Amino acid sequence: MISYLQLCRSDVALIAFFSYLVGAELAGGTDLYDVIIALAVTLISTNFIYSFNSWTDWEIDRVSKAYRPIPCGKIKPAQALIYSLALLILSVVYPLFVYKSYFTLSLFLLLPVLGLLYSARPIRLRRYPFAATVTISMGLITPIMLGYFMNTSDTCLIPFFVVLFLFCLSVIPLKKIEEVDEDEISGYRNLYSKFGLMILLWPIGGLSLVLFLVLFFSAENLLKIYMLVITISSMVCILLFGVFREKLYQLYQTIIYIVVVEGVIFYLILKLMVS
């Protein structure tokens, strides 16, 4: 069973789980029910997105990610497909029993739709850098929006979610730096291959816009501090890796790990304040 769980990236699972809880805390506080829904969003909905992608990309993964369960032989491709389809069915069914409004139901169902759009042929948005960036960004902010709107109908934090989406749009393109070999074999367009270090201008410009918006949108000081922290720390990472270029392929994952840690700390602070 552990091998099947490894089809989904652990950092993404942590982001989904704690994002939902952060959203619930922003709406007034978390309880056991929120933890259960957060686990469902993580282990079913988000798990489907990345497990299905692991199946569709398993031949590509042999190039630079041979350690993953399918390329290394721990799981057969057919088994991974059956597992992914089971997760797809569950990700459509369980929201019907827990949703609080048609909007939250649409958010629940958006996750498997995004997974299919990103990986499934013939659409397979993974092939198109901008469409892939938008799809991944939507998938990353959906759990926090779910956590929030499952607990309140107040729309005052929509500007915060918009800025968070812009943050994701700024950082996600850095993922292409570590996918050069995979994209070359697949024949997909790779932004780093085309633009080189110029690709760093996109996240720097996007994060600069995020900083500007954070300073001027109306939100609680703690939310502003959180957005400033993850934005500034990401910019610092980009600048440092831009100087020490030999480790540039580690830039995206480094930012993800830092944001995960900052997100967990932010949740704990929110939890203490609500308590």
Side-chain angles (χ1 to χ4, degrees), residues 1-27 29-57 68-69 75 80 82-100 103-119 135-151 161 164-165 167-168 171-172 175 226 230 253 255-268 270-271:
M1 186 61 189
I2 294 178
S3 295
Y4 283 96
L5 291 176
Q6 289 174 341
L7 290 172
C8 181
R9 284 171 34 195
S10 58
D11 55 343
V12 173
L14 287 172
I15 289 174
F17 180 72
F18 281 101
S19 291
Y20 186 97
L21 295 182
V22 166
E25 283 294 332
L26 291 173
T30 55
D31 54 24
L32 180 59
Y33 183 75
D34 290 307
V35 175
I36 293 173
I37 301 300
L39 285 171
V41 170
T42 303
L43 297 178
I44 300 176
S45 302
T46 302
N47 193 6
F48 161 70
I49 294 174
Y50 287 87
S51 294
F52 183 62
N53 179 254
S54 291
W55 173 72
T56 59
D57 283 4
R68 287 186 171 179
I75 300 175
I82 294 172
Y83 175 71
S84 299
L85 292 178
L87 289 174
L88 173 60
I89 294 171
L90 289 173
S91 66
V92 172
V93 172
Y94 86 84
L96 300 176
F97 298 93
V98 300
Y99 76 95
K100 296 292 182 66
F103 180 63
T104 56
L105 178 60
S106 67
L107 288 176
F108 275 115
L109 298 180
L110 176 62
L111 288 170
V113 169
L114 290 173
L116 291 171
L117 290 175
Y118 183 80
S119 298
T135 304
I136 295 172
S137 298
M138 290 176 66
L140 288 175
I141 69 163
T142 297
I144 190 172
M145 293 181 64
L146 265 172
Y148 182 76
F149 287 109
M150 282 288 286
N151 289 276
F161 297 132
L164 195 59
F165 179 67
F167 172 85
C168 293
V171 172
I172 297 301
K175 189 173 185 289
Y226 171 68
I230 65 172
Q253 279 301 316
I255 291 177
I256 293 297
Y257 292 143
I258 291 174
V259 170
V260 167
V261 172
E262 291 167 342
V264 172
I265 293 173
F266 180 59
Y267 168 70
L268 295 175
L270 279 176
K271 189 71 176 173

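Along the sequence shown, residues are numbered consecutively beginning with 1. Here the structure is a predicted model, which means the values were calculated and not measured.
- Inter-residue side-chain proximity for Leu39 and Phe17 is flagged as met; some heavy-atom pair is nearer than 4.5 Å.
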Inset, instruction - I would like to know whether Leu14 and Tyr257 meet side chain to side chain contact (heavy atoms under 4.5 Å, CB included); could you show each step before the answer? - result: CA-CA 10 Å; Leu14 287 172; Tyr257 292 143; over 6 Å; no
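- Atom CZ in Phe167 sits 10.0 Å away from atom OG in Ser137 (nearest 0.5 Å).
- The side-chain heavy atoms of Ile89 and Phe48, taken from C-beta on, include no pair separated by under 4.5 Å.
- Thr46 and Ala16 get closest at one heavy-atom pair: OG1-CB, 3.5 Å.
- Once rounded to the nearest 0.5 Å, the distance linking CG of Asn47 with OG1 of Thr42 reads 9.0 Å.
- A parallel orientation is assigned to the rings of Tyr226 and Phe266, their planes being inclined by less than 30° (bins at 30° and 60°).
- Under a cut-off of 6.0 angstrom, the local environment of CG in Leu96 is crowded, with over 12 non-hydrogen atoms contributed by other residues, nucleotides or ligands.
- Scanning all heavy atoms of the two residues, the minimum distance from Tyr4 to Ser51 falls at O-OG, 4.4 Å.
- Looking at Ser119 and Trp55, their side chains never come closer than 4.5 Å, going by heavy atoms from C-beta outward.
- For Thr135, the side-chain contact (heavy atoms from CB on, under 4.5 Å) partners are Leu114, Tyr118, Leu125, not counting sequence neighbours.
- Atom CG of residue Leu146 and atom CZ of residue Phe149 lie 10.0 Å apart, to the nearest 0.5 angstrom.
- Contact check for Val98 versus Phe108: side-chain heavy atoms found under the 4.5 Å cut-off.
- The structure places SG of Cys168 at 11.5 Å from CE of Met138, a figure rounded to the nearest 0.5 Å.
- With sequence neighbours excluded, the residues satisfying side-chain contact (heavy atoms from CB on, under 4.5 Å) with Ile265 are Val261, Ile269.
- Each of Leu109, Ile37, Leu105 was checked for a side-chain contact (heavy atoms from CB on, under 4.5 Å) with Tyr99, and the lone residue meeting it is Leu105.
- When all heavy atoms of Val92 and Pro112 are compared, the closest pair comes out as CG2-CG, 4.5 Å.
- Taking each heavy atom of Asn151 and Gly147 in turn, the nearest pair found is ND2-O, 2.7 Å.
- To the nearest 0.5 angstrom, Leu7 atom CG is 12.5 Å from Phe52 atom CZ.
- Between Ile255 and Val171, the closest heavy-atom pair is CG2-CG1, 3.9 Å.
- In this structure the side chain of Gln253 reaches within 4.5 angstrom of the side chain of Asp11, judged on heavy atoms.
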Inset, instruction - Step by step, work out the side chain to side chain contact (heavy atoms under 4.5 Å, CB included) result for Ile256 and Ile15. - result: CA-CA 9 Å; Ile256 293 297; Ile15 289 174; 4.0 Å; yes
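- Distance check: Asp34 CG to Glu25 CD gives 8.0 Å after rounding to the nearest 0.5 Å.
- Nearest heavy-atom pair across Glu262 and Ile230 is OE1-CG2, 3.1 Å.
- Side-chain atoms of Leu21 and Leu270, non-hydrogen and from C-beta on, never get closer than 4.5 Å to each other.
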